[in-house]
Amino acid sequence: MMGRLLRCLWQRWRRYKYRFVPWIALNLSHNPRTLRYVPEESKDKIISDEDVLGTLLKVFQALFLNDFHKQSDILTILPEPVKSKYQDLLAVQYQRVNLLENKHQQQNIFKPEEILYKTLGFSVARATSSLISAGRGVFVTKGLVPKGAVVSMYPGTVYQKYEPIFFQSIGNPFIFRCLDGVLIDGNDKGISKVVYRSCNGRDRLGPLKMSDSTWLTSEIHNPLAIGQYVNNCSNGNFTSWGYETRYSNG
């Protein structure tokens, strides 16, 4: 019995230690899993930044129009470079509103995953794996995902290399370390959740929130904000990729 328990604990440690910041720091120089050599930055990209940003803008524009009445107030305070991306959509939506004969007619609101399907041809969601002890993962729930498509974003609190993250990293399998050493804590539970909510409240402008915190709940407004549940890597292969979004600084 004791031997079985020790083996179980050892297996959990072997999976978790790559997320434990003190262990990473001590083994960074000689562990092939935590240190990757990329001769040029461009060679570490599966798809270009332009394609990624184009896809995200398409999805966000569709989400904006779907929830126009709530999002229009936020649009007015955004920086001009960002606001310009939505000005054409804003004009079109105003025309639609003016054409409504019945002022009490409500806009047909679709769920975020439905918007994702209508925009990109597929939808993804978090779900429990059918494999024993595999935990939760990300599944394609509708449509087909073409090769090289953006399928997720990595939400979370961003920590620069010089910022402490010791306590947040304990028992936390969602620490994402970028190639430049920046850490993203995508855990939606425990102390990580408390830290993100604190940052979200700190950065708000009056009643308007400057970052999305719905990824901490079961009602996600951004259907792509599930990248922390996508498998990351093993010693042999990178099994899947997510595009991280830096919602809030720690």
Side-chain angles (χ1 to χ4, degrees), residues 3-21 23-24 31-34 36 46-47 52 55-56 59 110-157 168-178 183-196 212-245 247:
R4 186 178 178 181
L5 177 61
L6 291 175
R7 283 195 301 272
C8 181
L9 291 174
W10 174 247
Q11 291 175 357
R12 288 177 63 89
W13 168 248
R14 288 183 63 187
R15 292 194 300 266
Y16 163 66
K17 63 183 180 182
Y18 301 104
R19 305 290 187 171
F20 188 52
V21 173
W23 188 92
I24 293 175
N31 189 281
R33 177 167 176 166
T34 58
R36 292 188 294 120
I46 294 180
I47 54 179
V52 171
T55 299
L56 297 182
V59 173
F110 295 96
K111 294 182 178 180
E113 55 269 24
E114 295 174 338
I115 295 297
L116 184 63
Y117 175 73
K118 292 175 179 293
T119 305
L120 300 183
F122 64 86
S123 59
V124 291
R126 297 179 300 190
T128 302
S129 174
S130 59
L131 300 177
I132 299 176
S133 302
R136 303 186 71 189
V138 174
F139 297 84
V140 179
T141 57
K142 192 175 182 181
L144 296 174
V145 180
K147 182 179 179 179
V150 177
V151 296
S152 65
M153 304 171 68
Y154 204 102
T157 305
Q168 295 91 316
S169 70
I170 297 177
N172 186 355
F174 296 102
I175 302 294
F176 185 98
R177 186 168 59 83
C178 302
L183 299 172
I184 304 177
D185 184 2
N187 195 356
D188 54 7
K189 300 178 181 64
I191 188 174
S192 300
K193 181 177 182 179
V194 173
V195 170
Y196 188 89
D212 174 34
S213 61
T214 62
W215 65 273
L216 299 171
T217 70
S218 59
E219 299 294 331
I220 301 177
H221 291 177
N222 176 8
L224 294 177
I226 54 178
Q228 73 274 40
Y229 283 93
V230 176
N231 293 331
N232 288 322
C233 70
S234 63
N235 283 326
N237 300 287
F238 286 91
T239 55
S240 57
W241 286 76
Y243 187 83
E244 73 271 13
T245 175
Y247 280 126

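The analysis underlying the following values was restricted to heavy atoms, covering all of them including side chains, and did not include hydrogens, waters or symmetry mates.
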Under the criterion side chain to side chain contact (heavy atoms under 4.5 Å, CB included), I'd like the reasoning laid out for Val150 against Leu56: C-alpha separation, chi angles, the key distance, then a yes or no.
CA-CA 8 Å; Val150 177; Leu56 297 182; 4.3 Å; yes
In Å and rounded to the nearest 0.5 Å, what is the [atom1] to [atom2] distance from [X] to [Y]?
| X | Y | atom1 | atom2 | answer |
| --- | --- | --- | --- | --- |
| Ile220 | Ser213 | CD1 | OG | 11.5 Å |
| Arg126 | Thr141 | CZ | OG1 | 13.0 Å |
| Asn172 | Asn187 | CG | CG | 4.0 Å |
| Lys142 | Glu113 | NZ | CD | 9.5 Å |
| Ser123 | Leu224 | OG | CG | 10.5 Å |

Minimum heavy-atom separation for [X] and [Y], please, with both atom names.
| X | Y | result |
| --- | --- | --- |
| Gly156 | Trp215 | CA-CZ2, 3.7 Å |
| Gly227 | Ser152 | CA-OG, 3.6 Å |
| Tyr154 | Gln228 | CE1-CA, 3.3 Å |

Flag side-chain contact, heavy atom, 4.5 Å: [X] against [Y]:
| X | Y | value |
| --- | --- | --- |
| Pro155 | Tyr196 | no |
| Ser129 | Phe139 | yes |
| Val59 | Leu116 | yes |
| Met153 | Asn222 | yes |
| Ile226 | Val124 | yes |
| Ile184 | Phe174 | no |
| Tyr229 | Asp188 | yes |

Mark yes or no for whether Thr217, through its side chain, and Thr214, through its backbone, hold a donor-acceptor pair below 3.5 Å.
yes
Could you check whether Lys118 makes a cation-pi contact with Phe110, meaning its NZ or CZ is under 6.0 Å from the centre of the six-membered ring and within 45° of the ring axis?
yes
Modelled atom types, side-chain donor and acceptor of Ser192 and Asp185, under 3.5 Å:
yes
Could you tell me whether Leu144 atom CG has more than 12 heavy atoms of other residues or ligands within 6.0 Å of it?
no
